[in-house]
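Letters A, B, ... are given to chains in the order of the sequence lines, protein chains preceding strands, and every chain is numbered from 1. Just so it is clear, the structure is predicted and the values come from calculations on it, not from any experiment.
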Amino acid sequence: MMAAQSFMLFGLLLFWLQSPSAVAQAHAKRGLELLQQGDLRSAEAEFRQAIQLAPNDAQSLASLGIVLERQEKFEEADLYLERALKIDPADLGTRYHLAINQFRLKQLLEAKANLERILKAKPDMKPALLLLGTVLEGLKDYGRAAGLLESVPDLVRQQPAWIATLARCYYHANLQQKARATLDWLRPAGAEAVFLGGETAAQCGDLEAAEQLLDSIRTAYPDKARLGYEIAMVQYNAKRFDRSESTLLQLIAAGTREAKVFNLLSWCYHRQNRLPESIAAMKQAIELEPASETHYDHLAQILLEEGRYADAYETIKRALKVAPDSPRAYKLQGHIESRLGLFNQALDSYTRAVQLNVEDPDLLLGIGLVQQKLFRFTEAAATFEKGIARFPGDAQFYQAYGRMLLEPGTARDAAAESRAVTLLEKALALDNALPEAHYELGNALLERDKVNEALPQLEAAVKLDPRNSRMHLALANAYRRLGRNAEAASELELFKKLRRQEEQGTKQAN
Amino acid sequence: MLLGQLSTSNSPNAPIRFRNVAAAAGVDFVLENSPTPEKQLIETMAGGVAVFDYDGDGLPDIFFTNGASVPSLDKSAAKYHNRLFRNLGGMKFKDVTEEAGLAGAGYSIGASAADYDNDGHADLFVAGVHSNHLYRNLGNGRFEDVTAKAGIRSDVWSITGGWFDYDNDGLLDLLVVNYLKWSPESPPYCGDPAGKIRAYCHPKFFEGLPNTLYHNRGDGTFEDVSEKSGIASEIGKGMSIAFGDYDGDGLVDAFITNDKLPNFLFHNLGNGRFAEVALEMGVALSDEGRAVSAMGADFRDYDNDGRPDIIFTALAGETFPVFHNEGKKGFRDRTSYSQLGPLANQRSGWSVGLVDFNNDGWKDLFTANSHVNDTVELFEAAKYKLANSIFANAGNGMFLDVSREAGADFHEARAHRGAAFADFNNDGKVDVVVSALGQPAELWENVSPEANTWLLLKLRGTRSNRDGIGATIRIGNQYNQMTTNVGYASSSHAGVHFGLGKARQVDRVEIHWPSGVQQVLTHVPANQVLQVTEPAK
């Protein structure tokens, strides 16, 4: 009897223990233990079992979300964290983790909304303040981001990445001295942190601070090649090509044989008008990384800039042998072919590039411009229309379309002229700093005898692009038409001077 | 109907028709340009034509320049000889090259005729690659090469020469248009190196040259005044020359097209010097500031406002630019407005002439067409061989393309180059002779059906130069001038032509001679070749 009773009690306990909620809790408990031990995969399995048994358990759902987030399974983590919050919207901890996950997913606006909700409920939650500062930096709200990060200095100082974030906010807010002072916080954190500081300053265009920071760890930083290359890059961007060259040559003398080093050295020579050395250095980069398209592209680019179109063409053909599906190489090939006057071929190249990359507006623009060169005006118009539809914020398409309609070789009527003017005005509404659009609009008005209206457009064009001879010629024409002969003469003098410089450039290129 | 205010009252829509009568006329010239695999630039630049009455019989004769062997630049075979065709009348011609002594030497490019020694016989200047030649017309059917004696030897590549009397001393001076520095050794590789398709090189691969001005001393010799006149101070890549007095100061100015460089407008200052004012006057570049492949030019009043305008040809995509003379404000780019922008955009032109082909009182435009590169179709939408074009003057500053209706055989596409204009059969309608690379020349007889009237003035200067070159003539609203330089590398020494519409008589003909003498003729019957001699005062 006793035995039977005992057996029945055991069965009841077993029944209780094996009831879904109890089993779920056991899995959840085990999951938490594993999570604390850092065994994320096992913890994930436990939480999944817990959820299978208790699908509406907010804690388990949130826990699984956190485990997934830590394993960088952000998309799935998002689902579980959202489910947890639906069940328990007041759980600030889960919401905070959701915001972290959204930040990692670059869903910055969503992260911002969650963090603001948390801070409304708990204004002094420091991690949330820090994260919101970081999110706002990503959203380019630099002033507010800086304010939030400044409010949690102890937290910011804990991580070099957060220090760098605050420094970036200052740079973008034109507070260079504060940015530099913030980057100085990195010095005690060691050479790697200072390297990050150098990179940050360089990215923000503070090349002087970048070089100082990087220079300060020359002895301490273990990877001399990486550091040397970064310094050389900073010097190159600071247009100190001779210094950059010297740094790179030192690296090479010390035994560095990296293709990117020779690549940058080639650009240094190119910027110092030392073409043979530039070509030799880039060929060295190619030799070191023969399967990398980049070096061929860069050699072609340099040859193109030097006016060595035939050589550039041959080089880009080699790039395409290495990377037959590279939209970048096809784009460059199209550009070179246009310069060579090989418009049929250029159209093929740009078309292929667009097939490989639909996201680059320059490719579509290239097609339109080449179609125009091939007198396929209707097709070019359709391409520009397509560009406007696909990239409505890109002023280039409006400008190119407007220009085409005003070309002397294009059949035009009053409607086409009006359309051109509208397109150019739209281009300027998107980007008022487009000298070409001002110039075309000015010329169009000049052609219509609206000299007084043309004048401010042409003056704006000259102001925006004072080194462009054509702008000065157009302005001179407008002044001449208005009888303002002294100003016309002055603009013509500028035109002549700039034209001579342009011709000199072309001559050197040849 | 009498003619006083004639031109604007006439319909500008009279049809223009041509037929090619070269074969029937005995003009069997084939331009031998010696194409090579290296694509030597000179090969695509040949083809000048000169029309002039070398034997004084009242019928314009035809002279063709010709190429030579490359790279020797020798006329090593008869096929390379320049050719002179004597007009026998009735649209029949006879090759008189040998007896005239005009077979020539070297690789010839352009030709320009004028009576430089005022002996009543039109002489001939032939420009070429590294050698120019001046042939004096002896008046007996023969010419003498007087290059050395005249002091005009050259060792650069010249395209053509322009005759004008820049100092109004009654003697024609010579402005030689030089192209660029070229030699047959190691031509640069242009075109598609990957596809191994070679093309003629862009002029940017070569250095430019200054032009040369020779002052006629009056004793059969010339003085090189390029430096002291200011002409040599500008380096260009000259393609053609056209003369006109753009500012009406009585001094002839010179417009020179340049290949992919700003054009030159040499303003004659009247003191033996010239000022280059193309930019200031707005004819150096298009309104977009673009230097085009400017080819042949004409410098005449196309809209009957009394001021000479400038039109020149260029390559596909560059249009045929039109610069309207707006008086003191200089010139205005009216390419788009004139409709020559869209009409010519896909064409490439060489020689050009503003001539009233239908005698309606409005000058029409003829262009000899072809692209410069025979491989262009592999790279661009442009065509190499093209038919010539006729753009009828609509009378409102615009032109209409009437090429399609110009004749059944007018549509033949060839590599046209030079063209010259004259009324070869004295029917009052101006005909055209055109050269083509490697193919027979064309002689386009004007068979336009409209029975409009005309007047052809042949000037004889006494105080001015014998040809009256530089004289301006006004009939009603129409304005024209005596010049022989027109188009690309070509010359038309055939009087000054006016279409008169339906007028049977011209009330008043005003002639302003280079000497300053003003002459007025009244009640001049239409439909005649009128010989006009400059009065003593």
Counting only heavy atoms not in [X], do more than 12 sit closer than 6.0 Å to its [atom1] atom?
{"X": "A/Glu314", "atom1": "CD", "result": "no"}
{"X": "A/Lys373", "atom1": "NZ", "result": "no"}
{"X": "B/Lys383", "atom1": "NZ", "result": "no"}
{"X": "B/Arg404", "atom1": "CZ", "result": "no"}
{"X": "A/Arg328", "atom1": "CZ", "result": "yes"}
{"X": "B/Lys260", "atom1": "NZ", "result": "yes"}

Measuring heavy-atom distances to chain A, does [X] have an atom under 4.5 Å in its side chain, in its backbone, in both, or in neither?
{"X": "B/Phe331", "value": "backbone"}
{"X": "B/Tyr337", "value": "both"}
{"X": "B/Ala316", "value": "both"}
{"X": "B/Glu288", "value": "both"}

Closest non-hydrogen atom pair, [X] against [Y]:
{"X": "B/Asp192", "Y": "A/Tyr313", "answer": "OD1-CE2, 3.0 Å"}
{"X": "B/Gly289", "Y": "A/Arg499", "answer": "O-NH1, 3.6 Å"}
{"X": "A/Pro408", "Y": "B/Ser336", "answer": "CA-OG, 3.2 Å"}
{"X": "B/Arg332", "Y": "A/Asp449", "answer": "NH2-OD1, 2.6 Å"}
{"X": "A/Leu374", "Y": "B/Phe379", "answer": "CD2-O, 4.4 Å"}

Legend entry - Pairwise distance CD(B/Glu380) to CG(A/Asn344) - rounded to 0.5 angstrom: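 Answer rounded to 0.5 Å: 8.0 Å.
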
Legend entry - Atom pair NE2/OH of B/His202 and A/Tyr309 - distance to nearest 0.5 Å: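 The OH atom of A/Tyr309 is 9.5 Å from NE2 of B/His202, to the nearest 0.5 Å.
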
Inset, instruction - Please flag which part of A/Leu446 lies under 4.5 Å from any non-hydrogen atom of chain B: side chain, backbone, both or neither. - result: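 A/Leu446 touches chain B through backbone heavy atoms alone.
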
Legend entry - Region of A/Glu447 that comes under 4.5 Å of a non-hydrogen atom in chain B: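 For A/Glu447, the contact with chain B is made by backbone and side chain together.
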
Inset, instruction - Pull out the residues in residues 470-480 of chain A that come under 4.5 Å of chain B, heavy atom to heavy atom, sorted by number. - result: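 Only A/Arg470, A/Leu473, A/Asn477, A/Arg480 of residues 470-480 of chain A have a heavy atom under 4.5 Å from chain B.
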
Legend entry - Check: B/Leu378 main-chain N/O paired with A/Gln345 side-chain donor or acceptor under 3.5 Å: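 Checking the backbone N and O of B/Leu378 against the side chain of A/Gln345, a donor-acceptor pair under 3.5 Å is found.
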
